[in-house]
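As C-alpha cells, the structure follows; a few thoughts come after it.
Computation of the quantities below employed the complete heavy-atom set of this structure, encompassing side-chain atoms and omitting hydrogens, waters and symmetry-equivalent molecules. Numbers for residues simply follow the sequence, beginning at 1.
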Amino acid sequence: GPKPDLQFLSRCLPHANCAISTVDGHSIRVNRQVLEQLRLLETFPQGILIDHDMDSVLKHVPAKTDAMIAEDMAVAQKLLFRHGITQIDEACTTWQDFKILQHSSKLGHINLRVNCWLDGLSTLQLMMQEQGKPLYQERIQAASVKFFLDGAMGSEGAYISFPHHD
C-alpha cells in the first residue's frame with residue numbers, strides 16, 4: 001500500500017511526536033508535531049527525511065537500554081522460531097547489538113544462529129579496540145563489516161538517471 005504521509009501521520013497523532021522508519025532504514029516520515037517542535041517544517045515540508053537528514057530528528061529519540069534491546073531480540077526469536085526459522089543474517093548490526101547477542105547467547109536466552117554484518121566504520125573501530133576477543137561463538141558470529149556508499153531505491157535516496165516509481 002501507499003506509504004504514510006505527513007497529513008496521515010498528523011491526523012492520526014496530532015498532539016504526539018511520531019517518526020516511522022521505512023523498512024530499509026534509509027528514511028523516516030514524521031508528523032507535523034515533530035517538524036514544528038524541531039523547527040524543521042520549512043526544510044522538510046513533506047515530512048520525509050532521508051539518510052543523514054534523519055539525524056536531525058533521531059538524535060532526540062532516547063536510546064534503548066541494553067535490557068530493552070535484549071528483550072526485543074528475545075521477542076523476535078520467538079516469532080522466528082514460531083515460523084521454523086532458526087538462523088538469520090543481520091545486515092546492519094551495531095557493536096552494541098552484537099555484544100548483547102553474544103551475552104544473551106551465553107546466558108541461553110538466544111538460541112537462534114545469527115550471522116552479523118557489523119555496521120560501518122565506527123563498529124570496525126570498536127571491534128579493533130577489542131583485539132583478541134572472539135567474533136565467533138557457537139551461535140553468534142560476525143564475519144563481515146558493511147559500509148554504505150549509496151542511497152536506496154525504497155527510501156528515494158538513490159541517485160538514478162531515469163524515473164523510478166514504487
Would you say Gln46 has more than 12 foreign heavy atoms packed within less than 6.0 Å of its CD?
-> no
Check: Asp66/Gln96 side-chain N/O donor and acceptor closer than 3.5 Å = yes
Grab the two heavy atoms, one from Cys92 and one from Lys146, that are nearest each other, plus how far apart they are.
-> SG-CD, 4.4 Å
Heavy-atom side-chain proximity of Leu101 to Cys116 below 4.5 angstrom = yes
Could you walk me through whether Gln37 and Asn17 pass side-chain contact (heavy atoms from CB on, under 4.5 Å), step by step?
-> CA-CA 9 Å; Gln37 184 175 341; Asn17 293 333; 3.0 Å; yes
Given side chains that start at C-beta, do those of Leu13 and Gln33 come closer than 4.5 Å, heavy atoms only?
-> no
Distance-only, no hydrogens or angles: does the Gln77 side chain make a donor-acceptor pair with backbone N or O of His109 under 3.5 Å?
-> yes
Are Leu38 and Leu41 connected, step by step, through hydrophobic side chains (Ile, Leu, Val, Met, Phe, Trp, Tyr) whose heavy atoms are closer than 4.5 Å?
-> yes
Would you confirm whether Asn115, through its side chain, and Asp89, through its main-chain N or O, come within 3.5 Å as a donor-acceptor pair?
-> no
Kindly compute the distance separating CD1 (Ile50) from NE2 (His26), expressed to the nearest 0.5 Å.
-> 10.5 Å
What closest approach, in Å, do Gly47 and Leu6 show between heavy atoms, and which atom pair accounts for it?
-> CA-CD1, 4.2 Å
Applying the 4.5 Å side-chain criterion to the ILVMFWY set and letting contacts propagate, would Met73 and Ile85 be lumped into a single cluster?
-> yes
Residue His103 excluded, over 12 heavy atoms near NE2 under 6.0 Å = no
Run the salt-bridge test on Lys64 and Asp72 with the 4.0 Å N-O cut-off and return the result as yes or no.
-> yes
Side-chain touch Asp119/Thr93, heavy atoms, less than 4.5 angstrom | no
Spacing of Cys12 atom SG and Gln7 atom CD [to the nearest 0.5 Å] = 11.5 Å
Do side-chain atoms of Ser56 reach the backbone of Asp53 as a donor and acceptor pair under 3.5 angstrom?
-> yes
Please answer whether the main-chain N or O of Ser10 pairs with a side-chain N or O of Arg32 as donor and acceptor at a distance below 3.5 Å.
-> no
Is there a donor-acceptor contact under 3.5 Å from the side chain of Ser105 to the main chain of Ile140?
-> no
Distance from Met68 atom CE to Ile100 atom CD1, nearest 0.5 Å?
-> 11.0 Å
Between Arg29 and Lys3, which heavy-atom pair has the shortest distance, and what is it?
-> NH2-CD, 3.1 Å
How far apart are the closest heavy atoms of Phe81 and Asn111, and which atoms are they?
-> CZ-C, 3.9 Å
Minimum heavy-atom separation for Gly120 to Val145, with atom names?
-> O-CG1, 3.7 Å
Leu9 reachable from Val34 in the ILVMFWY side-chain graph, under 4.5 Å edges | no
Distance col, row Arg113:CZ vs Gln141:CD, nearest 0.5 angstrom, shows 8.5 Å
Gap separating the CD1 atom of Ile48 from the CG atom of Asp5, nearest 0.5 angstrom = 8.0 Å
About how many Å separate CD of Glu36 and CG of Asn31, when rounded to the nearest 0.5 Å?
-> 9.0 Å
Joint cluster assignment, Ile69 & Val61, ILVMFWY side-chain distance < 4.5 Å | no
Can you name the closest pair of heavy atoms from Leu49 and Val57 and give their distance?
-> CD2-CG2, 3.8 Å
Can you hop from Phe8 to Ile28 via hydrophobic side chains spaced under 4.5 Å?
-> no
